Asks: 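Dumping the structure here so I can ask a few things about it.
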2 protein chains.
Amino acid sequence: MARRPILRRMTLPAARGRPRSAASTAAILEAAYALMAGQGLAATGIDAVARAAQVSKMTIYKWWPTREALLIDAFLHQAAARLPLLGEGSGAARLRRHVADYVAALDSDFGRVQRAVIAECIAGGGSAAAFFERYLAQRRAALARIIAEGQADGSILSDAAPAAIYDALYGGLFYRHLFGMPPQPDALLALCLGQAAKP
Amino acid sequence: MARRPILRRMTLPAARGRPRSAASTAAILEAAYALMAGQGLAATGIDAVARAAQVSKMTIYKWWPTREALLIDAFLHQAAARLPLLGEGSGAARLRRHVADYVAALDSDFGRVQRAVIAECIAGGGSAAAFFERYLAQRRAALARIIAEGQADGSILSDAAPAAIYDALYGGLFYRHLFGMPPQPDALLALCLGQAAKP
DNA sequence: CAATAACTGGACGATATGTCCATTATATCG
DNA sequence: CGATATAATGGACATATCGTCCAGTTATTG
């Protein structure tokens, strides 16, 4: 009979024709990230990405409608592995560890690229809401959960809403980073978690 | 003898030749602001500004080295009148009033333009440190002073460093604004000023 | 009037944008 | 295998912006 395998069809919806090249996709995303990290946003045009990825420009335009979409994807492709949220210890301990990781990441390629992506979002759509929806929202929800656990286990004294604690803490960290001030995680942690939060 | 008047020379350093046109300067700054507010950053090229201000492109390039410098100036030109810091009442009351003004301003032309300027700074120099130096730093210092007064008069309960309170409060507000979340000034104020700050 | 400096208007090369096409490559289906 | 379908290529293309340059005009001072 040689009927088309139903199961296959449901998972990979009819792969007729030449399949999309995973190698090109990865090369494009990595080139975009590397250009943002190295040369900055201004040097990260579609032409430059195509050249660096050794790929035709049309291949990029085929899969990404705007530069904004490409740069967000390039960021997500690298960010997936970074800034893990799991760990052991009290809520406060896990939060402190993540804050330390976040501060270190901001002071690296990752921070430069994140700024570039945000700038591109603003230039394109007026705000960085797209970046929030595709990246920050999940992180914020996960960290709010950890903050709530910290309140439950007594390691975080403040009884403010977890989301508000997150906004003040990470908003403060991001604000200082964006405007070129050195990070001061301890002062913000003390303020946002309640004066003398337990370890 | 008809010597050149010394005093004049010290205040206005030798005004020989045709003087710079104040009307053109104002028209350029206002056109740049209006374009950012109306059409967004992408539509605010030097050519477009020159056209809108009815000015030769060379006049812009003569006085501003980069688009970043022009856009910051255009922002400052409008921002000077906004967000007054003076007022009456306790430190907490003045701070609350400013927070309300700030939130209202962000949700207007002013907010869009501020985002555009920040994006341009990132695209140009990698960070928005230039914007901080020319605008935010003074505001931050003035508000930290008001916060310190609030701690002194007992209207702000938290004894954290005023700068840390500022960073958490305005960082949180800015973070929510930048990423498209609705403002929640009351939650952040309660958290940052100490649970139940007096009026 | 002479000297000085700002402003004009247009032209220029370099670069980026997004689109289009004919061609080639790689897969599935019958 | 051959037919079909889709990706990827590489170059051309019109359009737009950037920053610079220049010759000429305008405004102000000495």
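Naming convention: chains lettered A, B, ... in sequence-line order (proteins, then strands); numbering from 1 in each chain. Below, all heavy atoms of this structure are taken into account, side chains as well, without hydrogens, waters or symmetry copies. Everything numeric in this text was worked out from a predicted model, so none of it was measured.
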Asks: Send over the distance from A/I28 CD1 to D/dT9 C1', rounded to a whole Å.
Replies: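 Rounded to the whole Å, the gap is 12 Å.
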Asks: When you measure from the side chain of B/K62, which nucleotide among C/dA16, C/dA6, C/dG9 comes out closest?
Replies: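 Nearest to the side chain of B/K62 among the choices is C/dA6.
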Asks: Determine the interplanar angle of the B/F132 and A/F179 rings, folded into 0 to 90°, and report it as parallel if under 30°, tilted if 30 to 60°, perpendicular if over 60°.
Replies: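 If you compare the ring of B/F132 with that of A/F179, the planes turn out parallel.
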Asks: Roughly how many Å is it from CD1 in B/I60 to C1' in C/dC7, rounded to a whole number?
Replies: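 One finds 12 Å between C1' of C/dC7 and CD1 of B/I60, rounded.
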Asks: Taking all heavy atoms of B/A123 and all of A/A119, pick out the closest pair and write down the distance.
Replies: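 Shortest heavy-atom separation between B/A123 and A/A119 comes out as N-CB, 4.5 Å.
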Asks: For residues A/A116 and A/L41, report the shortest heavy-atom separation together with the two atoms involved.
Replies: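 Looking at all heavy atoms of both residues, the closest pair is O-CD2, 3.7 Å.
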Asks: Which pair of non-hydrogen atoms, one from A/E88 and one from A/R97, has the smallest distance, and what is that distance?
Replies: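 Distance-wise, the nearest heavy atoms are O-NH2, 2.9 Å.
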Asks: Nearest whole angstrom, please: distance from the C1' of D/dA8 to the CZ of A/R51.
Replies: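 The distance from CZ of A/R51 to C1' of D/dA8 comes to 19 Å, rounded to the nearest Å.
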Asks: Please report the distance, rounded to the nearest Å, between CD1 in B/I46 and C1' in D/dT17.
Replies: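 After rounding, the reported distance stands at 10 Å.
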Asks: Quiz question: by atom type and distance under 3.5 Å, do the side chains of B/T25 and B/R20 form a donor-acceptor pair?
Replies: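 The answer is yes; a qualifying pair exists.
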Asks: What heavy-atom pair brings A/I122 and A/A128 nearest, and what distance separates the two atoms?
Replies: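 Looking at all heavy atoms of both residues, the closest pair is CG1-N, 4.4 Å.
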Asks: Hey, which sits more toward the 5' end of DNA chain D by its nearest nucleotide, B/D47 or B/G17?
Replies: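 Closest to the 5' end, via its nearest nucleotide, is B/D47.
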Asks: Base, sugar-phosphate, or nothing for A/W64, non-hydrogen atoms under 4.0 angstrom?
Replies: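 Nothing, no heavy atom under 4.0 Å.
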Asks: What is the distance from CZ of B/R67 to C1' of C/dA16, rounded to the nearest Å?
Replies: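 Computing the B/R67:CZ to C/dA16:C1' distance gives 14 Å.
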Asks: Going by distance alone, is a donor N or O of one side chain under 3.5 Å from an acceptor N or O of the other, for A/Y170 and A/Y175?
Replies: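 No, no side-chain donor-acceptor contact under 3.5 Å.
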Asks: Could you state the atom-to-atom distance from CE of B/M58 to C1' of D/dT20 in whole Å?
Replies: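 Rounding to the nearest Å, CE of B/M58 and C1' of D/dT20 are 7 Å apart.
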Asks: Any side-chain N or O of A/T59 under 4.0 Å from OP1/OP2 of D/dT9?
Replies: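 The answer is yes; a side-chain N or O of A/T59 sits under 4.0 Å from OP1 or OP2.
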Asks: Rounding to 10°, can you tell me the angle the first-five-pair axis of the helix from C/dC1-D/dG30 to C/dG30-D/dC1 makes with its last-five-pair axis?
Replies: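 The value is 10°.
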Asks: Regarding D/dT26, can its base be found pairing with the side chain of B/R18 as donor and acceptor, where the two atoms are less than 3.5 Å apart?
Replies: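 Check passes, donor-acceptor contact within cut-off.
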Asks: Could you work out which one of C/dC7, C/dT4, D/dG10 sits closest to the side chain of B/S24?
Replies: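 Within the option list, the nearest is C/dC7.
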Asks: If you check the A/Y61 side chain, which of D/dT4, C/dT8, C/dT19 turns out closest?
Replies: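 Of the options given, the side chain of A/Y61 lies nearest C/dT19.
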Asks: Taking donor-acceptor contacts at under 3.5 Å, does the side chain of A/K57 reach the base of C/dG18?
Replies: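 Side chain to base: pair found, below 3.5 Å.
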Asks: Where the side chain of B/W63 is defined as all heavy atoms beyond and including C-beta, which of D/dT9, C/dA6, D/dT28 is the nearest nucleotide?
Replies: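 Out of D/dT9, C/dA6, D/dT28, the nucleotide with an atom closest to B/W63's side chain is C/dA6.
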Asks: So, does A/S21 get its side chain near the phosphate of C/dT26, meaning an N or O under 4.0 Å from OP1 or OP2?
Replies: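 No, no such contact exists.
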